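One structure below.
The chains referred to below are lettered A, B, ... by the order of the sequence lines, with proteins before strands, and numbering in each begins at 1. Predicted model, so just to flag it, every value in this text is computed and none were measured.
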Protein chains: 2
Amino acid sequence: MGKGLEGWSVRHLLIVSVALNVWLVLKVSNYDKDTNFTTEKIFNGFCAHEEFHKQVPLSSSSSSSSSMAAAAVGEKKSVHDEADDGRIINFDHGDPTIYEKYWQEAGDKTSVFISGWQSMSYFSDVKNLCWFLEPEFGKEVIRLHNIVGNAATDDRHIVVGTGSTQLFQAALYALSATGGTEPISVVSSTPYYSFYRQVVEYMKSGLYKWVGDASTFDKDEPYIELITSPNNPDGLMRQPVVNRSGGMLIHDFAYYWPQYTPITSAADHDIMLFTVSKTTGHAGMRIGWALVKDEAVAKRMTKFIELNSIGVSKDSQIRAAKILQTVSDSREHAGDSKDFFETSYHHIERRWKQLREVVGKTGIFSTPEFPPAFCNYMSRLFSTQPAFAWLKCEGEIENCEDFLRSHKILTRSGKHFGMSPKYVRISMLDRDSNYDLFIKRLSEMRT
Amino acid sequence: MGKGLEGWSVRHLLIVSVALNVWLVLKVSNYDKDTNFTTEKIFNGFCAHEEFHKQVPLSSSSSSSSSMAAAAVGEKKSVHDEADDGRIINFDHGDPTIYEKYWQEAGDKTSVFISGWQSMSYFSDVKNLCWFLEPEFGKEVIRLHNIVGNAATDDRHIVVGTGSTQLFQAALYALSATGGTEPISVVSSTPYYSFYRQVVEYMKSGLYKWVGDASTFDKDEPYIELITSPNNPDGLMRQPVVNRSGGMLIHDFAYYWPQYTPITSAADHDIMLFTVSKTTGHAGMRIGWALVKDEAVAKRMTKFIELNSIGVSKDSQIRAAKILQTVSDSREHAGDSKDFFETSYHHIERRWKQLREVVGKTGIFSTPEFPPAFCNYMSRLFSTQPAFAWLKCEGEIENCEDFLRSHKILTRSGKHFGMSPKYVRISMLDRDSNYDLFIKRLSEMRT
């Protein structure tokens, strides 16, 4: 489709054609257009796209489930200068497979060996408040924070969780379980992490309830505010916005690491959540940690995890300790391997450069701009380069998710984040082969 | 204290002395005697004894926290014919450390080696309904069930969980999330697993509510009945008792393995829960699995685990696959290592023999009797030898937990299981050194 097709009537024809495509795609894939968060809607949680789990083709002429699996799990070949094989690119979730390359190159020193008789007991350290925390993992968490300088660790309790999702629920429980008879309000500024709303709502808990946008919350009662900084989905640095008495804060710092954003100071808040998934890319471990100031809160978080899953996988904690140790060593013993954060920073930097170039050329989309700041870890100025791109479809495209879907690119609609469907969230952390194909398709798009 | 002390006035003196001891012990350890399941009570969940996490001595003359830690984590020396060192024995929880010995002897073939770049993605198998199930683990689960003959596996969905505790909650969610506006009743025959009640109640969910004893449930409305068989705490084989329309069943088969009970047939129910913790002793892995008939139920269970923790540790699944494989191999390739279930059966058999002997001699306690049955796996008759002893204090001892506590043996009171405090549940799965000391103390007890 060359320049000649940009005339007015041809554009209309194309819009009709795209709309028809979208309708066909939706019909085949039984896409649920209901925007209410009913129980059925909860079935589109971590993965907004049911097709990801189904063995149905996305459209009658497109790829089968096997190519979906390949796209998600194993496709490695580069698409530079190659023909588009028509496969579906799933950038709906933030699977951090970009990091596989670093760990492959790091080699065997990052491996763990666990004997059959090791770590059989429920207990890791009965003298620790968090009795299922592996001491070695706790040690490496503190060491890494001290090296990166992104969080205060003195006089904190570490609570380990099955990913930060479990810790988020542990924090909600800890802050609400001593309260009154009414469920406590949970708020977050829009656009907020879509998954959090569903996690707050799925148990229909009498302890807490989802209220929504923090900027419009004006009730004179206790509340819990979630602050994700840098924010998911839009990458902006966040501060609390309600600032009323009775407010309790949960800071989600999943992305406060130097490959994503300048580390300007050591965060120092009551409850700070981190996850190995976004720090080093080991999402399959399901390991997160919380730094908690108040002992009673840390105790109740520990109690939640006890009641929820009687602790956290020791095997993954042992492995996570090794991975964090490698990351710290890569900074402190530079000769051993490339600095993990520097290497990852440059990988993501290249991707953002590509994205901004193609966005600028097509004129179909826009992306947020971020002010530069001095990073204490990198010892230089740079701008946030988020793990997700918060893309806005400009012009007449009202449903950006559907538009990209017609190009076999699965994204998450802005509506899931309390925003307009003109926005989508796109993972920037997939494998090179998928990212390159994404850029290739983007560069060929016309409205 | 010999036979001569059995006179009436001396017995009274002893009762006063024991009462004084109990009072002192309780005073020092701040034991919460409140039997209501308030939020504070929930803080005695998996471990009924807060002291287990505290660095306080249980009594002024007794052992310190370091000996508690040793008792729980590492104490190995045998106490046969040795002096009692006065340490606390914690048989409150069912930490299955009895199995460490088997796995130490099994050696390196049971080890796993995981490279830094392995299993980084959230996804294990995008074509599987349970997208976070490691295929190798699923394969070994089916193989083991087929070898043992304890559960039907044809046309079932396997859902993996962070222990069976998470799967239990997943099942509750799956069975209740499509229901009406009223929370669905959850029932179980007394004595029921104490922890289950707390797990049902802690989130104050609007989806389900704890109602209690199944044998008195007579409402004409949908309900969920939990059947634990062999039962925790009393070891009896269980069947559903309500048997009304609208009933949904969850079968907890944590202990339906041939080291504990005769395998008389392959269980064949809608939702069957299993856990590696009690099967092979690897509690620290936090891996359980459910065999689920109905696809929609399996999907909702998967959704719960997605919302609860975005899947289950891959590292532990990989390790669990190796462990289950070793167990199956130990049966099918007898030359490689001793049959796991045979070996474990004899270990537990010896303990039950010791316990019954000492219980018979002292006359203070009684234990349940179990009818013999033919085990298809062992090809012989035997009686259930449960993972827990359900001990009753006979005579004038009204609070069996307190009585044993005065001998520095921590157990779980019958009151937590909906029964009288004359009962206690005692783990039969601790290390030899602790079990031997327990038998030694029991044999020296007098009322």
B:Y99 portion near chain A, given a 4.5 angstrom heavy-atom threshold = both
If one checks every heavy atom of A:I114 against chain B at 4.5 Å, the contacting part turns out to be both
Nearest 0.5 Å, what's the CZ-OG1 distance between B:F123 and A:T97?
-> 9.5 Å
Under 4.5 Å, counting heavy-atom pairs only, tell me which of A:E105, A:E134, A:Q317, A:Q169 racks up the most with chain B.
-> A:Q169
Option that, when pairs with chain A are counted at under 4.5 Å, heavy atom only, ranks first among B:G206, B:S313, B:A106 = B:S313
Side chain, backbone, both or neither: which part of A:V276 has a non-hydrogen atom closer than 4.5 Å to chain B?
-> neither
Can you tell which of B:L172, B:T165, B:T302, B:T326 has the highest number of heavy-atom pairs within less than 4.5 Å of chain A?
-> B:T165
Heavy atoms only: give me the nearest B:S309-A:R286 pair and the separation to one decimal.
-> O-NE, 2.9 Å
Does the side chain of B:N308 come within less than 4.5 Å of A:N308's, by heavy atoms?
-> yes
Name the member of A:G116, A:S164, A:G311 that forms the most heavy-atom pairs with chain B at distances under 4.5 Å.
-> A:G116
Under 4.5 Å to a heavy atom of chain B? For A:F168 that would be neither
B:S111 to A:S115 - nearest heavy-atom pair and separation = OG-CA, 3.4 Å
Among B:W103, B:Y102, B:Y208, residue most engaged with chain A (heavy-atom pairs, under 4.5 Å) | B:W103
What pair of heavy atoms forms the shortest contact from B:S316 to A:D315, and how long is it?
-> OG-OD2, 2.6 Å
With a 4.5 Å heavy-atom cut-off, do B:F304 and A:M203 have their side chains touching?
-> yes
Does A:H282 reach the main-chain N or O of B:S121 with its side chain, forming a donor-acceptor pair under 3.5 Å?
-> no
Taking the side chain from B:D95 and the backbone from A:Y122, do they hold a donor-acceptor pair closer than 3.5 Å?
-> yes
Can you tell me how far the NZ atom of A:K204 sits from the OG atom of B:S176, to the nearest 0.5 Å?
-> 8.5 Å
Specify the closest pair of heavy atoms between B:L307 and A:F195, including all atoms of both residues, with the distance to one decimal.
-> CD2-CE1, 3.6 Å
Which residue out of B:V112, B:V199, B:T110 racks up the most heavy-atom pairs below 4.5 Å with chain A?
-> B:V112
Side chain, backbone, both or neither: which part of A:T280 has an atom under 4.5 Å from a heavy atom of chain B?
-> backbone
Looking at A:G163, A:G161, A:A283, which has the largest count of heavy-atom pairs under 4.5 Å with chain B?
-> A:A283
Flag side-chain contact, heavy atom, 4.5 Å: B:Q118 against A:R319 | yes
